[in-house]
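Everything below concerns the one structure shown next.
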Amino acid sequence: MPATVHVRELTADDLDAAWELGRFAFGSDPQRPAHAPAPVPGLTRYGAFDDSGRLVGKAIDLHHDQWWSGRAVPAADVAGVAVAPEARGHGVARALLSALLRGARDRQAAISALYPTVAGPYRACGWEAAGVLRTVDLATAALPRHRPASHLTVRAGTPADLPAVDALYERVTRHRNGMLTRRGELFDAADRGLPGDGVTLVEADGELVGYATWQRGRGYGADSVLTVDEALAVTPEAAREIVGVLGSWASVAPTLRLCPLDGDAVSTVLPLESARDHERDLWMHRPVDVARAVSARGWPAHARGVVDFALTDPLAEWNTGTWRLTVADGDAELTRVGGEADLRLDVRGFALLYAGAARARSVAQAGLLHHSPGVDPGALDLLACGGPAQLLDYF
C-alpha cells in the first residue's frame, strides 16, 4: 500500500515493468514479446511510483483526433490503465488520470474518451458513459441477395488501395461526432498491410464507393463466423453490393459478425431486426479543456443561442468557473463571466450534453445539473444540439 505516489511520464527503462503490470491486470499472455517494449510515437505513457520507486500504476494517453461535425478535435483517449493489486483503492488511478489530463491540456487536447473495465472510478474522475460500441451477430443467410449492378465493379483490394479506403472512411465519418480521424503519428506508424484476411472493394467508374474488411475465421461448420471489421459505403447501390458479397459466404460461414454504424448506408440494408448482441463495450467521455472543446468542433448551422452556466470539475480545475456559451452560424465559444449562474453543471453532465447522450432535463434528474427555482434547465440543451456521438474504434 503506497503512502504516497509519484506520477511521471514513463521512459524506455520503465517499459518492461509497465508490460508486466499490464500482463497481470489484463490477464495477457505471460510469454514476453520477442522484442523489448519500445517507445511508440503518438502516445504518452504515465506511471505512478511508490516511495521505493516501484511502478504501481500506469495509464496511456493516445494522441487521437476525433471528428465532430466536420472538424478534427484533438483528443486524449485513455487506454491501458492498470494498478497493482496492493495499491488499489488508494488514489493511484486518480493521480494518474489527473496527471494525464494536465499533460493532455498542455499539448492542446480538448476532449477524452475511454473504454472502462469498470465505470465507477472514471465517473469519480469526471468521465461519463456516452455510448456503446455494439458488435452483433447476423445469420449470413438472412442477408438480402441482389443481382450485381452492371455499372459497379467488385474486386479484392491490395495494399495500394488503402489510401482510397482511408479517404472513403473519412467521407463517411467526418460529419459525424466522436469518430476517430485515423490520422496522426499513431496511424502513420501502423503496419499498412491489408487489414484482416481481405478487403472487398466496390467501384463506380474507377472511384471507390464502398468497402468491407474481413477475417475469414476457421472451419466451415455451424459455428463458423465471418468477422467484418468494417463495412462502409457512400451510395445505396454500393451498400447493397457489399452486403450481397458478404451474404455469399452463407454456405461456409453461417454467422456474420460486425459493428454496425448507426444510420449509414450499409446499416440500412442489413436485417438488424434479427441481430443478436455478441459484445457491448461501454465508452465514456469528458472534456479536457471545455473552452477548447467547444470552439474546436463544428455545430449545427441552424443552432443559435446564449446560455450562462457554472461548471464544477474537481480533477481539472481550469474548467471550473462560470461560463457563457454562445452558438451561432456553425461555431460556438465559451467565455468566462463573473458572478453566479442559475444553472450549475457537473463535468459529467457536461460530457453527457456535449456528446449528445442526454438532454438537459435528464442530466438534471441524474443530479448532474442543478438550477434555481423557476429556471428551465432545458436552456442547456444548446450544449447538446450537435446530436449523438458514436465510436467505431476500440482502443
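No experiment lies behind these values; they were computed from the predicted model shown. For this chain, numbers begin at 1 and follow the sequence in order. The figures here come from the full heavy-atom set of this structure, side chains too, leaving out hydrogens, waters and symmetry mates.
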key: Thr11 side chain to Asp13 side chain, donor-acceptor N/O pair below 3.5 angstrom   = no

query = Salt bridge between Arg155 and Glu203, side-chain N to carboxylate O under 4.0 Å?
reply = yes

ask   = Side chains of Trp323 and Thr335: donor-acceptor distance under 3.5 Å anywhere?
value = no

request  = Mark yes or no for whether Lys58, through its side chain, and Gly80, through its backbone, hold a donor-acceptor pair below 3.5 Å.
outcome  = yes

Trp214-Thr227 side chain donor-acceptor pair, cut-off 3.5 Å = no

ask   = Salt bridge between Glu86 and Arg54, side-chain N to carboxylate O under 4.0 Å?
value = yes

Donor-acceptor contact below 3.5 Å, side chain Ser295 vs main chain Glu333 = no

query = Which atoms form the tightest heavy-atom contact between Pro287 and Ala351, and what is the distance?
reply = CD-CB, 4.4 Å

task = Give a yes or no answer on whether the side chain of Ser224 reaches the backbone of Gly221 with a donor-acceptor pair at less than 3.5 Å.
result = no

inquiry  = His63: which residues meet the side-chain hydrogen bond (donor to acceptor under 3.5 Å, both in side chains) condition with it, sequence neighbours left out?
reply    = Thr44, Arg107

inquiry  = Is it the case that the side chains of His64 and Asp393 hold a donor-acceptor pair, with the cut-off being a distance below 3.5 Å and no angle test?
reply    = no

task = Without swapping roles, check the side chain of Trp299 against the backbone of Leu383 for a donor-acceptor pair under 3.5 Å.
result = no

task = Could you check Arg286 against Leu315 for side-chain contact (heavy atoms from CB on, under 4.5 Å), going step by step and ending with a plain yes or no?
result = CA-CA 11 Å; Arg286 76 131 40 233; Leu315 210 63; 4.0 Å; yes

Charged N-O contact under 4.0 Å between Asp137 and Arg257 = yes

Qualifying residue for side chain to side chain contact (heavy atoms under 4.5 Å, CB included) with Cys125, from Leu100, Asp313, Leu97, Val347 = Leu97

ask   = If you count the non-hydrogen atoms of other residues, nucleotides and ligands that lie under 6.0 Å from CG in Asp106, is the total more than 12?
value = yes

message = Can you confirm whether Arg336 is buried at CZ, in the sense that more than 12 heavy atoms of other residues, nucleotides or ligands lie under 6.0 Å from that atom?
response = yes

Can I get a per-line list of side-chain donor-acceptor pairs under 3.5 Å for residues 358-367, giving both atom names and the distance, sequence neighbours left out?
{"from": "Arg359", "atom 1": "NE", "to": "Asp381", "atom 2": "OD1", "distance (Å)": "3.3"}
{"from": "Arg359", "atom 1": "NE", "to": "Asp381", "atom 2": "OD2", "distance (Å)": "3.4"}
{"from": "Arg359", "atom 1": "NH2", "to": "Asp381", "atom 2": "OD2", "distance (Å)": "3.1"}
{"from": "Arg361", "atom 1": "NH2", "to": "Asp376", "atom 2": "OD1", "distance (Å)": "2.8"}
{"from": "Arg361", "atom 1": "NH2", "to": "Asp376", "atom 2": "OD2", "distance (Å)": "3.1"}

message = Under 6.0 Å from the ring centre and within 45 degrees of the ring axis: does the NZ or CZ of Arg71 meet both conditions for the six-membered ring of Trp67?
response = no

message = Please check: side-chain N/O of Thr173 versus main-chain N/O of Met179, any donor-acceptor pairing under 3.5 Å?
response = no

ask   = Any ion pair linking Asp331 and Arg297 (charged N to carboxylate O, less than 4.0 Å)?
value = no

Donor-acceptor contact below 3.5 Å, side chain Gln390 vs main chain Asp262 = yes

CZ/Arg145: more than 12 non-hydrogen atoms of other groups inside 6.0 Å = yes

task = Just say parallel, tilted or perpendicular for the rings of Trp68 and Tyr354, cut-offs at 30° and 60°.
result = tilted

key: Salt-bridge present (Arg45, Glu9; N to O < 4.0 Å)   = no

task = Answer yes if the side chains of Glu237 and His151 hold a donor-acceptor pair under 3.5 Å, and no otherwise.
result = no

Atom of Val307, atom of Leu343 and distance for their closest heavy-atom approach = CG2-CD1, 3.8 Å

query = Heavy-atom distance under 4.5 Å between the side chains of Leu162 and Leu194, does that happen here?
reply = yes

request  = Establish, yes or no, whether the cationic atom of Arg344 lies under 6.0 Å from the six-membered ring centre of Phe309 and within 45° of the ring axis.
outcome  = no

query = Is Glu279 salt-bridged to Arg134, cutoff N-O under 4.0 Å?
reply = no

request  = Specify whether Tyr122 and Trp127 have parallel, tilted or perpendicular ring planes, treating 30° as the upper limit for parallel and 60° as the lower limit for perpendicular.
outcome  = perpendicular

message = For a 4.5 angstrom cut-off between non-hydrogen side-chain atoms, does Leu138 reach Leu270?
response = yes

Side-chain (Arg292) to main-chain (Ala109) donor-acceptor, under 3.5 angstrom = yes

message = To the closest 0.5 Å, what do you measure between OG (Ser112) and CE (Met284)?
response = 10.5 Å

key: Donor-acceptor contact present, side-chain Arg216 to main-chain Gly219, <3.5 Å   = yes

inquiry  = If we ignore hydrogens and angles and just use 3.5 Å, is the side chain of Thr235 paired with the main-chain N or O of Ala238 as donor and acceptor?
reply    = yes

request  = Would you kindly check if the NZ (Lys) or CZ (Arg) of Arg182 is within the cone defined by 45 degrees around the ring axis of Tyr169 and under 6.0 Å from the six-membered ring centre?
outcome  = yes

message = I'd like to know if the side chain of Asn177 pairs up with that of Gln66 as donor and acceptor (distance under 3.5 Å, no hydrogens or angles considered).
response = no

key: Salt bridge present between Asp16 and Arg32 (N-O < 4.0 angstrom)   = yes

request  = Without swapping roles, check the side chain of Thr213 against the backbone of Val199 for a donor-acceptor pair under 3.5 Å.
outcome  = no

query = Could you go step by step and tell me if Asp346 and His370 meet the side-chain hydrogen bond (donor to acceptor under 3.5 Å, both in side chains) rule?
reply = CA-CA 9 Å; Asp346 182 276; His370 301 276; over 6 Å; no

